[in-house]
Amino acid sequence: MALEGLARAGVSRRALLGGSALAAALLCAPHVAAQARPRVVIVGGGAGGANAARALLRDGRVEVTLVEPEPLYVAVFHSNLWLGGFIDFAALEFGYQGLARAGVRVVPQRADAIDRERREVRLADGGRLPYDRLILSPGIDLDYDSVPGWSRAAETAMPHAWKGGAQLRLLKERLDKVPDGGLIVIIAPPNPFRCPPAPYERASMMAHRLKATGRGGARIIIVDPKPKFSMQGLFQEGWEGHYPGMVEWMAPDISDGLVSVDPATGTVVTGFETYREAALVNVIPAQKAGAIARGAGLADASGWCPVEAASMASALDPAVFVIGDAAIGGDIPKSAFAAGSQADVAARALLAGLFGEAVPSAGYASTCWSLIAADDAVKVSGLYRPVDGRIREVEGTVSGAGEPPALRRRQQQENADWYRAMVAGMFG
């Protein structure tokens, strides 16, 4: 309860409104009595979009339309546990029937473009959805040019498994074929990227699966462009304790940087060494905001969408709110937990703007749990609020080295409990 209370801590209403796009949105609020209900369109049905739809439904004063082309959502943020053999794939898949029953109009189409001047979303079939406010939660796109030698055409030979169920299944299929003594190379992404601990949890779950199936002689090399990563000491302590000799992390000053990959031969070339005939190469490339957000002119030169820290309103259009992985506005990581927190802030700010009400203070939270081995989970948590126009961390905690096994088991139960509550809130 303390975490929830602190997450709702914010700044004064005057500070929130001063000079922000939110202030402009309030000044231009429509006379809502002139129509039955204001129209809110949400693009993207993941952790951000589905949570935003639920938050708006709880208020009940707006018409909510969710645009999502996929019939099933795959919870990639929990997929490493499936890779490690701890859950079934069915535990990752969810339909949108619950949202539809609750009153959301679900449009099973791809959103092709946004006409910000007319306030319309253009659909793949040529249809158009008018909106009074738009919530964009398009997630990420991959930068296929960020890894020399790799491409969209090569994602079958060297899967990323960073988006979608088909890629996850392919990675698992390839992992199951790695022989004892085989080599796995993981190409880690540069900052910022979706779910900072995830590549290192993935390495842990691969090692667990290999060891549990009698292939403990396999090696996992992580080629990283970053000099450090989230919870680095905890992961390295876990790898040494659970999987001695199996996982090796190559910092850029050790690998001398990634030079290229060859999908046809399973070769990874670094400045230090060439890894040939790898049984599996998992390329996790650089990332950027989803194409629809970039195409609408809502991203800046970084490739991400700048937002107002007090509301998640786009810094480039006060009628649009950008939440989840596509947004960038400060210290808060790109996590599913954070996306749910941003959805709540955006929904409250959106409603306040539409109905001329006092704007609630903004507070955000994020927790990322990572499983290193059976009953050995670590976590990093943060609380965030608007400070000088940016989302800044005001409190943070991280698991400690050498924690008692009972605590690590409890943290894994926390992870499972949070996941059940999260997806129930989104889709139940």
Side-chain angles (χ1 to χ4, degrees), residues 76 79-80 83 140-164 167-168 170-172 174-175 177-178 181-207 210 218-233 235-236 239 243 245-289 301-304 325 328 333-334 370:
V76 177
S79 63
N80 284 333
L83 198 65
I140 61 162
D141 275 348
L142 305 177
D143 185 350
Y144 286 93
D145 296 327
S146 63
V147 176
W150 192 71
S151 64
R152 186 184 296 272
E155 68 180 6
T156 300
M158 291 183 169
H160 55 79
W162 219 240
K163 294 178 65 176
Q167 274 280 307
L168 285 172
L170 177 60
L171 183 66
K172 179 65 159 55
R174 298 289 299 279
L175 176 64
K177 293 180 179 178
V178 173
L183 173 65
I184 297 173
V185 181
I186 298 175
I187 309 296
N191 291 323
F193 63 96
R194 167 186 281 174
C195 197
Y200 314 99
E201 183 188 48
R202 176 173 286 183
S204 304
M205 293 295 91
M206 285 181 171
L210 291 165
R219 295 172 61 219
I220 301 171
I221 305 293
I222 305 170
V223 179
D224 208 324
K226 304 180 295 296
K228 60 182 180 179
F229 61 89
S230 177
M231 297 191 285
Q232 179 174 335
F235 278 109
Q236 291 180 318
W239 295 336
Y243 317 113
M246 290 186 69
V247 183
E248 181 179 2
W249 177 69
M250 302 286 285
D253 61 343
I254 297 173
S255 69
D256 201 19
L258 176 68
V259 175
S260 65
V261 301
D262 183 349
T265 61
T267 299
V268 176
V269 181
T270 72
F272 173 73
E273 186 173 351
T274 296
Y275 303 96
R276 302 183 187 281
E277 297 182 345
L280 169 59
V281 179
N282 174 207
V283 176
I284 309 171
Q287 293 149 44
K288 53 193 173 183
S302 72
W304 303 100
D325 295 337
I328 192 164
K334 298 181 185 301
S370 295

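No experiment lies behind these values; they were computed from the predicted model shown.
Side-chain atoms of F193 and P333, non-hydrogen and from C-beta on, never get closer than 4.5 Å to each other. Within the 4.5 Å cutoff, the side chain of P252 has no heavy atoms near those of the P225 side chain. Side-chain contact between S230 and F235: absent, with no pair of heavy atoms (C-beta onward) separated by less than 4.5 Å. Within the 4.5 Å cutoff, side-chain heavy atoms of L83 are placed close to those of L175. Proximity of V269 to V261: side-chain heavy atoms (C-beta onward) are nowhere separated by under 4.5 Å.
The two residues Q232 and P227 make their nearest non-hydrogen contact at OE1-O, 4.1 Å. When all heavy atoms are compared, the tightest approach of G266 to M158 is CA-CE, 4.1 Å. Of all heavy-atom pairs spanning I222 and A188, the tightest one is CG2-CB, 4.2 Å. Residues V259 and G271 come closest through the heavy atom pair CG2-N, 3.7 Å. Across all non-hydrogen atoms, the minimal contact from S146 to A286 is OG-N, 3.1 Å. Here the shortest heavy-atom pairing between I328 and S302 reads CG2-OG, 4.5 Å.
A search for salt bridge (Lys or Arg N to Asp or Glu O under 4.0 Å) contacts involving R219 returns E248, not counting sequence neighbours. For the side chain to side chain donor-acceptor pair (under 3.5 Å) test, residues two or more places apart in sequence or in another chain that qualify with W239 are S204. With sequence neighbours left out, the salt bridge (Lys or Arg N to Asp or Glu O under 4.0 Å) criterion links K228 to no other residue. For F229, the ring-ring contact (aromatic ring centres under 6.0 Å, His included) criterion is met by Y200, W249, not counting sequence neighbours. With sequence neighbours excluded, the residues satisfying ring-ring contact (aromatic ring centres under 6.0 Å, His included) with W150 are Y144. By the side chain to side chain donor-acceptor pair (under 3.5 Å) test, T267 pairs with T265, sequence neighbours left out. The salt bridge (Lys or Arg N to Asp or Glu O under 4.0 Å) search around D141 returns K163, R294, not counting sequence neighbours. Residues that satisfy the side chain to side chain donor-acceptor pair (under 3.5 Å) test with S370, not counting sequence neighbours, are absent from this structure. By the ring-ring contact (aromatic ring centres under 6.0 Å, His included) test, F272 pairs with no residue at all, sequence neighbours left out. Every residue was checked against the salt bridge (Lys or Arg N to Asp or Glu O under 4.0 Å) condition with K288, not counting sequence neighbours, and none meets it.
Note that CG of L142 and OG of S151 are 12.0 Å apart. Values are rounded to the nearest 0.5 Å. The CD atom of Q287 sits 9.0 Å away from atom NZ of K334, with the distance rounded to the nearest 0.5 Å.
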Q: Using the side chain to side chain contact (heavy atoms under 4.5 Å, CB included) rule, take I186 and I221 through it: C-alpha gap first, then chi angles, then the decisive distance, then the call.
A: CA-CA 6 Å; I186 298 175; I221 305 293; over 6 Å; no
Q: Report the C-alpha separation of T270 and D256 in whole Å, then their side-chain angles, then the decisive distance to 0.1 Å, and conclude whether the side chain to side chain contact (heavy atoms under 4.5 Å, CB included) test is met.
A: CA-CA 6 Å; T270 72; D256 201 19; over 6 Å; no
Q.
Let's go through R174 and L170 carefully: what are the C-alpha distance in whole Å and the side-chain angles of both, what is the deciding distance for side chain to side chain contact (heavy atoms under 4.5 Å, CB included) to 0.1 Å, and is it a yes or a no?
A. CA-CA 6 Å; R174 298 289 299 279; L170 177 60; 4.1 Å; yes
Q. Which is it for L183 and I220 under the side chain to side chain contact (heavy atoms under 4.5 Å, CB included) test, yes or no, and what are the steps along the way?
A. CA-CA 6 Å; L183 173 65; I220 301 171; over 6 Å; no
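Checking side-chain atoms of Q236 against main-chain N and O of M231 turns up no donor-acceptor pair under 3.5 Å.
Identified under the salt bridge (Lys or Arg N to Asp or Glu O under 4.0 Å) test for residues 185-198, with sequence neighbours left out: R194-D325.
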Donor-acceptor pairs are to be reported for all side-chain atoms of residues 275-285 against protein atoms at under 3.5 Å, with residues two or more places apart or in another chain.
| from | atom 1 | to | atom 2 | distance (Å) |
| --- | --- | --- | --- | --- |
| N282 | OD1 | R202 | NH1 | 3.0 |
| N282 | ND2 | P159 | O | 2.9 |
| N282 | ND2 | H160 | O | 3.1 |

